[in-house]
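Report on one structure; see the data block that follows.
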Amino acid sequence: MASFLNKFQDAVRTFARSPRFTKDPRKLQFEVDINRLFMYTSYNNLGKNVDEADAEQIIDMASKASFADQQKQVQENIHNQIKNLCTVMDAILLDVNEPQESQSKATPSRSGLSFAIGRNGPTNNHPDVPKTRPLKRTELSQRLKDSIGYTLDVKQSQIPHSEAGQGLFLNGEATVGSVIAIYPGVIYSPAYYRYIPGYPRVDAQNTYLITRYDGTVINAQPWGFGGEARELWDGSKMLDAKLNRDATEKGSDRLWKMLSKPLESSRVGNGEVLERRNPLALAHFANHPAKDTVPNVMICPYDFPLTEKDMRAYIPNLSFGNAEEVNMRRFGSFWFRWGSRNSESNGPVLKTLVLVATTALCDEEVLLNYRLSNSKRRPSWYTPVDEEEDQRRWS
């Protein structure tokens, strides 16, 4: 196993210097990450009976396949894993011998985000909540582990600094290329940045924000630890309802406000019926590794196709506003409206993130390279895993 992973790492370093990769640093890092994910997830697809010849073949494919083809294969590999997870949780939670009746049609109470986006009052236009087995979140977590070999726990981090707080731990065993966790929460496209709580200093009192390469931001703070039922969720529950809205503005914040005209309206609709007990919807609790420690997972963008209705309850995300109604383009540090509608050729998707194992894991803390921007003051506890990658990511 170790020799295979070393070969993958060597291949990634070689590919990063290849002239066929883009010269734009930010895009280069994205292509290198996809190349790495292509190898890890393809390796995972082969199952347990992997030999050295298989690893060599994957490396050869990664050296020859186009970036577009690799990106497409990564999406397919991740989707197949997510689909399997959904099938397993369906088998645990749904009784196929009973008709799926509505558990409740009650209107959820209004709070938090529902007020912030200006809802005009309760409505009865809510989807039915299907009946599921009355398992506690801990019970579902244990049954998932029994089925796939691992689950997740949140407990005190083992990282030796005072701000580490709680960390994410894998309970069980997972192979290289496995989807370890899903990043939950409310999804904001660049067109809706102004609606992220606390804007423009959105990260002043919220450490549960993450950004994809395409500029999509996911705010996991409303999700918290999840819940104890499959229920209608509108993104209104906050881990910490008090946000610092009076943070001092910097020059870049004021400039952004002047250049970005706010949209007239935005909302998350009536919410979605989501499985709040999902044991893997905890990626936001993963910590950055301590000095001289390497990460064991990496971020992978996953565009969930909304046409997959049977899987929707297990994707712990809501989209703020209509992500397809405004097309945005990035120039330097700013996003601008560009053209009219941003159509999805393959249908509507939720732009989510998952964590993928970069090594075999066994009963250990999940560590993610945060890749914080070196253009801003970084926390004292932050030690770059790879300074060059950090620079390319935020160039």
Under a plain distance cut-off of 3.5 Å, with no hydrogens placed, do [Y] and [X] share a side-chain donor-acceptor pair?
| X | Y | value |
| --- | --- | --- |
| Gln81 | Asn77 | no |
| Asp69 | Ser66 | yes |
| Tyr43 | Asp54 | no |
| Thr138 | Ser141 | no |
| Asn317 | Tyr183 | no |

Does any N or O in the side chain of [X] come within less than 3.5 Å of the main-chain N or O of [Y], such that one atom is a donor and the other an acceptor?
| X | Y | value |
| --- | --- | --- |
| Arg378 | Pro384 | no |
| Glu272 | Trp233 | no |
| Asn171 | Tyr150 | no |

**Check: Phe225 ring centroid to Phe285 ring centroid under 6.0 Å** = yes
**Message:** Just checking Tyr199 against Tyr193, ring centres under 6.0 Å apart?
**Reply:** no
**Item:** Path from Ile315 to Leu306 over hydrophobic side-chain contacts below 4.5 Å
**Value:** yes
**Asked** Salt bridge check: are Arg36 and Glu389 linked by an N-O gap of less than 4.0 Å?
**Response** yes
**Prompt:** Is it true that Glu228 and Lys136 have a side-chain N and a carboxylate O under 4.0 angstrom from each other?
**Reply:** no
**Prompt:** Considering residues at least two apart in sequence or located in another chain, which fulfil the ring pair (Phe, Tyr, Trp, His ring centres under 6.0 Å) criterion with Tyr382?
**Reply:** His288
Kindly list each side-chain donor-acceptor pair under 3.5 angstrom involving residues 292-305, sequence neighbours excluded, with atom names and distances?
unit_1, atom_1, unit_2, atom_2, d
Asn296, OD1, Leu367, N, 2.8
Asn296, ND2, Glu364, OE1, 3.3
Asn296, ND2, Glu365, O, 2.9
Tyr302, OH, His79, ND1, 2.7
Asp303, OD1, Arg212, NH1, 2.9
Asp303, OD1, Arg212, NH2, 3.0

**Item:** Test log, rule salt bridge (Lys or Arg N to Asp or Glu O under 4.0 Å), inputs Lys83 and Asp90
**Value:** CA-CA 10 Å; Lys83 193 168 188 175; Asp90 268 351; over 6 Å; no
**Prompt:** Who are the side chain to side chain contact (heavy atoms under 4.5 Å, CB included) partners of Glu388, not counting sequence neighbours?
**Reply:** Asp386, Arg392
**Message:** Determine whether Asn219 and Tyr188 satisfy the following criterion, side-chain contact (heavy atoms from CB on, under 4.5 Å), listing intermediate values before the conclusion.
**Reply:** CA-CA 8 Å; Asn219 178 14; Tyr188 297 84; 4.0 Å; yes
